Protein chains: 2
Amino acid sequence: MPTPERTSLDEIVGAGRDLLESGGLDGLTMQAVAHRVGVRAPSLYKRVRNRNELIALIAHATVRELGARVDAAAGDPDGDPRPALRRVARAARDFAHERPAGFRLVFTPGAEPRLDTDALEASIAPVLRLASGLAGEEHALDATRTFTAWLTGFVSMELAGAFRLGGDVERAFEFGLARLTSAFADGLRDRGLL
Amino acid sequence: MPTPERTSLDEIVGAGRDLLESGGLDGLTMQAVAHRVGVRAPSLYKRVRNRNELIALIAHATVRELGARVDAAAGDPDGDPRPALRRVARAARDFAHERPAGFRLVFTPGAEPRLDTDALEASIAPVLRLASGLAGEEHALDATRTFTAWLTGFVSMELAGAFRLGGDVERAFEFGLARLTSAFADGLRDRGLL
DNA sequence: TGATACATAGCTATGATGGCTACGGTCAAT
DNA sequence: ATTGACCGTAGCCATCATAGCTATGTATCA
């Protein structure tokens, strides 16, 4: 048996997530992470290849948590997809408010950490199912992309402070949600389910 | 009269924008910028306070250019807002495809460069006008936010490669555009203009 | 016209910080 | 004792940023 680990990878990633939230990407230095887990910076390199990999691990953990929340929010597969979609949207937004830096990290890749497409797809699966129920099988993918684009865009702009000038953000959120839902519900209508 | 400038601020910002596109934020080092304008790094600090300010200036210039394009795409204020909205969406997306790194920089703040809210609002003004024509005065702001959220979210995800797995991105874009436009057109209908 | 003063551009040199590597010491399990 | 995992010290290199110097050219005044 190897010597039991003193500082696990989970600890490192957790510390990294905390630091990311408190100080942004700039605050996420290897020294800061090391200090938080009670170790010197070079020791981290036994668990993590380099800083970019740590960032990728943080993004991955964040996506997994978001996916779990969205999945829980989606709920009963046989229920009305419209309230379920609303729960999903709120769950994602709540999550973004709790971990804004993590949310930004996940939904603003392209630069450093390659987007973890698989994990993201998994967390989107529930939305795809709801969209299928609303807009019909043939429009499920397009509707999902429209919905997720709106949702992530809205939350990103909200986090960025783009909505600070006037207006009620909550109302705008409900407005967009309602209009999108009803726009997708054409699928229900077409199939005589409405 | 002071000595005429040899390397202007515009030159520096322009070089910075080019470097941003070719090498991302990491490639945007002061030395690289200096080398590109034919100068040593310390000399840049005569024009720019520090690297963050340079990044902010780059973001500002990018927003201004985007705003000009959107404004041009919006076109005739008295025309049908629906095709105008489509032109605006395409103009923004085209711009993002031309300068992906710049687009990301502008629409992913919160971290480093504080969002230039004023410039952004200005570039959104045409959309606000179109949204007002479509959804009515009382829903103009909400509709604008829904539309811009969808648009920036869609483009961001597209740039991040989130749409690589299956499906036709072009079709998804047109789908979202059409559904949103028709969802907003309730305003037209309510006022008996449709 | 010619000399001086000054503002500005640019440089070299230097400090500080952070990522990362090399290597060595320590301790537990075998 | 040997092995292997863990962690530290020391050090390298790149980058941002600053301090202080030199040079150049314009402007002003004799």
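As the structure is a computational prediction, the values presented were derived from the model and not from experiment. A note on names: the letters A, B, ... follow the listed sequences, proteins ahead of strands, and every chain is numbered from 1.
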Exercise. When the distance from CZ of B:Arg40 to P of C:dT14 is rounded to whole Å, what number comes out?
Worked result: 16 Å

Measure all distances between protein nitrogen or oxygen atoms and nitrogen or oxygen atoms of nucleotides 18-22 of chain C, and list the pairs falling under 3.5 Å.
from: C:dG19; atom 1: OP1; to: A:Met30; atom 2: N; distance (Å): 3.2
from: C:dG19; atom 1: OP1; to: A:Arg51; atom 2: NE; distance (Å): 3.4
from: C:dG19; atom 1: OP2; to: A:Met30; atom 2: N; distance (Å): 3.0
from: C:dC20; atom 1: OP2; to: A:Tyr45; atom 2: OH; distance (Å): 3.0
from: C:dC20; atom 1: OP2; to: A:Arg51; atom 2: N; distance (Å): 2.8

Seminar exercise, completed: The side-chain contact (heavy atoms from CB on, under 4.5 Å) partners of A:Arg99 (sequence neighbours excluded) come to A:Arg17, A:Asp18, A:Glu21, A:Glu65, A:Phe95

Problem set entry | Hydrophobic cluster identity match, B:Val169 and B:Leu159, side-chain contacts under 4.5 Å | yes

Problem set entry | Residues in ring-ring contact (aromatic ring centres under 6.0 Å, His included) contact with B:Phe103, at least two apart in sequence or another chain | B:Phe107

Exercise. For C:dT8, does OP1 or OP2 lie under 4.0 Å from any side-chain N or O of B:Arg47?
Worked result: no

Exercise. Are B:Leu141 and A:Phe175 grouped together when hydrophobic residues (ILVMFWY) are joined by side-chain heavy atoms under 4.5 angstrom apart?
Worked result: no

Seminar exercise, completed: Residue set satisfying salt bridge (Lys or Arg N to Asp or Glu O under 4.0 Å) with B:Arg129, at least two apart, ordered chain then number -> none

Problem set entry | Strand-adjacent residues in residues 10-17 of chain B, judged by heavy atoms under 4.0 Å from DNA chain C | none

List the atom pairs, donor and acceptor, that lie under 3.5 Å between side-chain atoms in residues 32-42 of chain A and the rest of the protein, sequence neighbours left out.
none

Exercise. What's the CG-P distance between B:Leu54 and D:dT15, to the nearest Å?
Worked result: 16 Å

For this session: Please check if B:Phe154 and A:Leu128 belong to a single hydrophobic cluster, counting links between Ile, Leu, Val, Met, Phe, Trp and Tyr side chain heavy atoms closer than 4.5 Å.
Result: no

Exercise. Is the A:Phe184 to A:Phe147 ring centre distance short of 6.0 Å?
Worked result: no

Exercise. B:Lys46 has an atom NZ; how far is it from atom P of D:dA19, in whole Å?
Worked result: 11 Å

